[in-house]
Amino acid sequence: MKHMMGVINCIQERVDLGALTAHRCVAAVPFGGRYRLIDFVLSNMVNSGIEDVAVLTEDNVRPLMDHLGSGKEWDLDRKRGGLFVLPSNGHGKRASDIEQLRAHRDFFHRGTQEYVVIARSHIVCNVDLRRVLHAHEQSGADVTALYYCTTEDVDASFDIDAFGRIAAMHASPKGLVLKNAPIDVYMMRKSWLLDVIDEPQGAISVEQRILERLHDVRVYAYCVDAYVGIIDSITSYYRHSMALLQPDVLRELFFRGAPIYTKVKDEPPTKYADASHVHNALIANGCIINGCVENSIIFRGVRIHAGAVVRNSIVMQNGEISEHAHVQHAILDKEVYVEAEHNVVGTADAPHVVPKKKVHAIA
Amino acid sequence: MKHMMGVINCIQERVDLGALTAHRCVAAVPFGGRYRLIDFVLSNMVNSGIEDVAVLTEDNVRPLMDHLGSGKEWDLDRKRGGLFVLPSNGHGKRASDIEQLRAHRDFFHRGTQEYVVIARSHIVCNVDLRRVLHAHEQSGADVTALYYCTTEDVDASFDIDAFGRIAAMHASPKGLVLKNAPIDVYMMRKSWLLDVIDEPQGAISVEQRILERLHDVRVYAYCVDAYVGIIDSITSYYRHSMALLQPDVLRELFFRGAPIYTKVKDEPPTKYADASHVHNALIANGCIINGCVENSIIFRGVRIHAGAVVRNSIVMQNGEISEHAHVQHAILDKEVYVEAEHNVVGTADAPHVVPKKKVHAIA
Amino acid sequence: MRSKRCIAMCLAGGEGRRLGPLTHHLAKPAVHFGGKYRIIDFTLSNCTNSGIDTVGVLTQYEPLVLNSYIGIGSAWDLDRKDGGVTVLPPFVEQQGGNWYKGTANAIYRNMAFIERYDPEYVLVISGDHIYKMDYERMLHFHRTRNADATIAVIQVDWKDASRFGILATNERDQVIDFAEKPAKPQSNLASMGVYMFNWKTLKAYLQQDEANKLSSNDFGKDIIPAMLFEGTRVFAYPFEGYWKDVGTIDSLWEANMDLLADEPTLDLFDDRWRIYSQNTYQPPQYIAPQARVTRSMVNEGCTVYGEVDHSVLFYGSHVAPGALVRDSVIMPNAVIGAGAVVIRAIVGEGATVTDGCSIGHPTGDITLIASDQWVRKGVLA
Amino acid sequence: MRSKRCIAMCLAGGEGRRLGPLTHHLAKPAVHFGGKYRIIDFTLSNCTNSGIDTVGVLTQYEPLVLNSYIGIGSAWDLDRKDGGVTVLPPFVEQQGGNWYKGTANAIYRNMAFIERYDPEYVLVISGDHIYKMDYERMLHFHRTRNADATIAVIQVDWKDASRFGILATNERDQVIDFAEKPAKPQSNLASMGVYMFNWKTLKAYLQQDEANKLSSNDFGKDIIPAMLFEGTRVFAYPFEGYWKDVGTIDSLWEANMDLLADEPTLDLFDDRWRIYSQNTYQPPQYIAPQARVTRSMVNEGCTVYGEVDHSVLFYGSHVAPGALVRDSVIMPNAVIGAGAVVIRAIVGEGATVTDGCSIGHPTGDITLIASDQWVRKGVLA
């Protein structure tokens, strides 16, 4: 019953989240009150019956390794297979995903699965890959590429023919038309991938190999009919975080499909005081809330003292907002301490980002 | 009941095992038919009640990570604590152990243990660190350094005073006198280690910091009264492998103390044919032996075909010795294939080393 | 199998009859508490945090929920290579089987399990109690006193003393008298039902007690009195802190409300002594724009659209717009409908208080809505 | 809890009476086999290798060894977050408990366990048999035939057919007749005791069978005949390969000897279908300079100083200098003393054949030395 294996590509990221990715890779960026970005793609894989997942890594891998641990939270601490963090070669030269896959070629030979799903970690959605597999098998495609429909500005859009095959890809389509935006998830036969890896005049990446040769690779499109959040900038990070405050989005991500797993921290339930004012907020466990929280995402273990106000903001794990401090339109990385009566203020378009562990004491 | 944490230092190795360490770190070098070198120090730690172990790594870490997996085999897949593989910074610059410990300072702050054991992976022995802890607490030392007594040539010898304190260290002591040879295992208070890590004019390594200042650091000596194998060259690797064929040594390493754990491979028992001639050999599971084996160490999954002769040699995992091939005074790395009627011959002083996966077809 | 210095045997077969419908299909240790826990989480977490990695959990009443909840023990880090947690229901021999006769009989019948680990000490605890305790310190006390048995004790109100096993001790903490629920208590030192024994001594007493047909095979009634009678060294280990046996609906409600104090005696936020529990993979709690939450504990997976005051909400519970929940405990996945009012109540797991319905009274007994019950308007619970 | 498509229920309560002293303190599925395995390793490994990650193991006779051997299931990769392996001894209600009445009753009494996973299919297997089988293929067969029940069958020698449950099928593999141990077998297609059921169908039959006071509550005797009588779609899944029910000392010895062929039907070396077992952390086997080992299987942790021919040696066994072991099975940690001779024997776990002692005969019945027994010179075993 094990048909697919998973590859999560955390190298050559085109995503820049500023201070949030200064000391961690994109995959390890905290999101949604208690998750890291990688939890979404990893849970999707596990929930779809995938029991072998390779994570290709580059720099700053420690926070990711700490988060993934033995893989137990995803039931991937298996005897054979399970979770493999494939390190970079360590000699300081950055390898492409194709080079790294080639270096760890034996990993693919070990498993008996027929199919591989390659994905990145900066996409937030809840999708059943077994359905994708079914569509892939029905279409007879070499590769199935996942996309979603949107009228927003996106990097690229697929032209899809009447049979579902991708005929072309356009960069930066403009206007309010409906675009078929790729979400960087590809399904293919393992043998097809191994052939690509072994091509002598190799492409830079698997993705490039697929998308540059749409004429000779049969790439079919699979539409994800659910909420999709592409996190590729501080702005989109902030926007998709705030979107979680819409009950519909919350339901689509967490209650409609299978659960999203993450590292368990065993925090107690959150405690509200007599004076707490909380409206329109997503709040994780282990917080103590004595102040005011509005339109915000509060991660695990945050302390919000009496008289403090947090609005339109994201406060990550173990943050502390002292008495009468104001935090507005801000993103506070882990363990940020805001002193009493100080303000941290950004704007809706440019939220103020405070780096990890910073003590914020600017009046 | 958790008093100690462990650090296994796999960086800045002074050990050169030639082809055996071309694609793996010393810790991951196969030894003793079914183990890797790191199994000994790691099992010693676990058997002594240590439940948090950090492994400092540098290059070529993949074989080590594959071996350690989730840490389950050592019961180190724990919720809090357990096994941490601390990666190098990944930017290609090699850090010293002090720098790397400093980068992962939070690891030491998390645990509640009072003591730290720092060790390297190239020492083969079976020692109870709880006894070392007891001696350390009795002596009131800053650091306890482990050593063993030998008349062989060694790199260094401790001068130990009447109270057990190390007064000095001599490099390359000569002659047949009894030397107190260090085995690169040190026990200290965690707070002492953290002070060293934070010293501004830092030493290059913790070891150097300890041994260069014997006048102001109270370093006491603890004698390991058991078999000790220091694996620092191909010659010593070969010699200590062959020593396992002495029942006394085998007993001291595997049957006298607690067990040595390793990655389980679920191989069936080894099968001997009618024509097999096996004398004085250590043979792991999963082998099929149709030929002749003498004075040799045979790892898991090896095939020795009819008429083949293996003498005074080490054949690592999944090796295959074809019909009427001769292997003598040789070390065959994993998955070496020796063709029929070919010879691989070294000498007792300079065993012939065949690298991993090599097909040996020189007549 | 490596031998273990100290293993724990946790008695978890209690019916908790006075908890009424809450324990119809649930042993008392499996009852929910504190927004995310079950009562047994406290003793299991105490074991892990005290460095005890081998725990036998003795079940008998409604063992299936506990069995499935405990699973392989990973929530409490008790999924160990050697030891870990083992659920021990009463054993059925070919000629049949029956329930444990008493607490001592339960341990007696699991001697084979204990001997597998060849322990020096056996800690006997109950899965019914809510407290945080470092058993390693108790073991240290036991060893320094050179005791054969040590009983953890807590000072209770004199007026409650006759509900407990009461000990009298000398100045060296040695127990000189023990009385189970005495009409006229000699002291207010109550046994917490936490016993540390030298295994050799305990084994001898268990065998002797089992041979006595008249014995009720109970630690408090039989084993400890026998030890005292024969001059065995029994000591009392004084414990200070929160300890509660939530035997009734009122005390269960009270224990939940205790958590809502500004600095509760039972501190669940202490990172050095985590209380572990099975995780249910819920997203963070969602507090809607029009919601109001004060003086409460709310768990992940809750969605609050109405008003919640001085209450404890378990995972997955839902408070609809216009609803008011006050001085109440809302168990997992319970739903409080739009405009409903819940006062001084415990709403059981998966129960529904439908729209506009009102339950509970500002004074008097706590109202209890049983698990999975539907409460409709006009139908008083 | 995620729902599971197919879960397995493994019957492991067998006494194995004809295995004599080997099963005095051991259920038959826990009997050692093949140098490192216990019999139940085969069914558990089959489950894992077939992608079934939820297995209930129904124990009753001497369950402690099995319980401790199975542990949290990590040896078979069955230590899963959801599902994994669960040991299910008979349950004791307040009014008492008793053994499972028959195989069907055993499943009936664990319906609550099964329903927790809401499976479409339930595979019922026995922990007594040695074979390698891909249950996923059987499930595929079951689904393509649109069957309600599928029974795995193997062709046996006609002369043995009356010892088995014998099926008659039509050309579409549908079962048209089933006879338990028929005096005059209609075919040589024997049931392997491996059943795949649609859970809904099975549940209805289990309930109906339980209501029938006259039933022996057995799959072969009651459930399958009832299904056939009522026209339920029962199919036979043909299996080819090694399959053995090691019911007697002779057949246990024989099954071990079968492994010593050049290319045994039961291939333990197949890396794609590993048989997993609990690891015992032994170093490699040591073959001394003066030893001689031919046509044998020897496990890690053995030390051989004498001569071993056509034998199976379990972990930790020791053959002293000058000893001869031939056509024999030496169970874990057994010791064959200096100059001792062991011929056509099974030497039990931890048994000792002392120096110079001679046991076994070149013909006739297999000699059995019980576990932990000391055999002294002059005392015939």
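For C/Y61, no part lies under 4.5 angstrom from a heavy atom of chain D. Both the backbone and the side chain of D/P90 come within contact range of chain C, judged by heavy atoms closer than 4.5 Å.
D/E93 contributes atom CD, which lies 11.5 Å from atom CD of C/Q60 (distance to the nearest 0.5 angstrom). With rounding to the nearest 0.5 angstrom, the CG atom of C/L64 is 10.5 Å from the OG1 atom of D/T86. In this structure, OG in D/S74 is found 8.5 Å from CG in C/D79, a value given to the nearest 0.5 Å.
Taking non-hydrogen atoms and a 4.5 Å limit, the residue list of residues 7-35 of chain D in contact with chain C, ordered by number, reads D/E15, D/R17.
Residues C/P63 and D/F91 meet the side-chain proximity criterion, which asks for heavy atoms closer than 4.5 Å.
Shown here are the salt bridge (Lys or Arg N to Asp or Glu O under 4.0 Å) partners of C/K101, two or more places apart in sequence or in another chain: C/E210.
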